[in-house]
Amino acid sequence: MRTLLSLLTLLSCSALADGHEHAHEGGSALSKLTLNAGKRWQTDAQLQKAMAVIRDDVQAAIEPIHAGKFAAKDYEALAGRIEKQVAGVISKCKLPPEVDAQFHLVLADVVSGVATMKKAGDRTKGVVQVIEALQAYPTYFEHPGWKPIQH
């Protein structure tokens with residue numbers, strides 16, 4: 001799993017198929033997101049389901065995090081659940097290359113946030129990074145019924 005997620009920071013799922021690499025030079029990949037000729041990118045049901053699960057898992061963690069009741073093992077468990085969803089998105093990716101390239105920017109920040117959640121230190125920074133990706137997602141991608149994170 002760790003190898004797969006490391007690859008994600010370098011490659012999009014369509015790039016895995018054709019060997020084309022995408023490098024990210026520090027900072028948030030979200031700043032590179034663009035719309036599709038002024039409209040949000042179309043997504044598929046599998047991607048929407050995975051993003052909703054990630055959103056729900058993060059939403060459920062916010063209150064205990066704010067209350068100081070989220071231990072290292074809780075951050076690691078949350079990171080593991082998010083990794084599972086990301087791996088599913090990658091393995092089942094059928095997005096057109098243009099959509100995939102844009103969605104990869106969201107996933108890059110999610111994966112970076114997960115990595116921060118798994119390290120000793122301020123693990124909340126990782127959750128914040130995932131929340132920022134989740135907040136950007138509906139601005140750039142169609143997802144009927146999307147519920148924003150409440151915090």
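In the hydrophobic clustering of this structure, V114 does not group with V53; members are Ile, Leu, Val, Met, Phe, Trp, Tyr whose side-chain heavy atoms approach within less than 4.5 Å, directly or through other members. One hydrophobic cluster, built from ILVMFWY side chains closer than 4.5 Å, holds both L30 and V130.
Closest of all the heavy-atom pairs between A79 and K118 is CB-CG, 3.6 Å. Here the shortest heavy-atom pairing between M117 and V127 reads SD-CG2, 3.7 Å. Between I149 and R55, the closest heavy-atom pair is CD1-O, 3.6 Å. Annotation for V58 and I82: closest pair CG2-CD1, 4.0 Å, computed over non-hydrogen atoms. Here the closest non-hydrogen pair linking E76 and R123 is OE2-NH1, 3.3 Å. For the residue pair Q48 and E142, the shortest heavy atom distance occurs at NE2-O, 3.7 Å.
Rounded to the nearest 0.5 Å, atoms CD (E83) and CD1 (I90) are 10.0 Å apart. Residue C93 holds its SG atom at 11.0 Å from NE2 of H104, rounded to the nearest 0.5 Å. The structure places CG of L33 at 8.0 Å from OG of S28, a figure rounded to the nearest 0.5 Å. Taking OG1 from T34 and OH from Y140, the interatomic distance works out to 8.0 Å, rounded to the nearest 0.5 Å. If you take CD on Q129 and CD on E132, they are separated by 7.0 Å, rounding to the nearest 0.5 Å.
Side-chain N or O atoms of D100 include none that pairs as donor or acceptor with a backbone N or O of P97 at under 3.5 Å. The backbone N or O of V99 sits nowhere less than 3.5 Å from a side-chain atom of Q42 that would complete a donor-acceptor pair.
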Do L35 and Q102 pass the side chain to side chain contact (heavy atoms under 4.5 Å, CB included) test, and can you show the C-alpha distance, the side-chain angles, and the key distance before you say yes or no?
CA-CA 9 Å; L35 291 169; Q102 288 298 304; over 6 Å; no
CA sep, side-chain torsions, deciding dist, call: W41, F103, side chain to side chain contact (heavy atoms under 4.5 Å, CB included):
CA-CA 9 Å; W41 298 96; F103 186 67; over 6 Å; no
Run the side chain to side chain contact (heavy atoms under 4.5 Å, CB included) test on I131 and I62 for me, step by step, so that the C-alpha distance in whole Å, both residues' side-chain angles and the decisive distance to 0.1 Å come before the verdict.
CA-CA 10 Å; I131 290 171; I62 289 175; 4.0 Å; yes
Show the numbers, then the answer: is there a side chain to side chain contact (heavy atoms under 4.5 Å, CB included) between F141 and V106?
CA-CA 10 Å; F141 298 91; V106 173; 3.8 Å; yes
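Side-chain contact between D109 and L105 is absent, with no heavy atoms from C-beta onward closer than 4.5 Å. With contacts defined as side-chain heavy-atom distances shorter than 4.5 Å, the pair M51/L134 qualifies. Contact of the Y137 side chain with the I54 side chain is not registered, since no non-hydrogen atoms from C-beta on lie closer than 4.5 Å.
Ring geometry for H143 against W146 counts as perpendicular: the plane angle is over 60°, on a 0 to 90° scale with 30° as the lower cut.
Atom CD of E63 has 12 or fewer heavy atoms from other residues, nucleotides or ligands within 6.0 Å.
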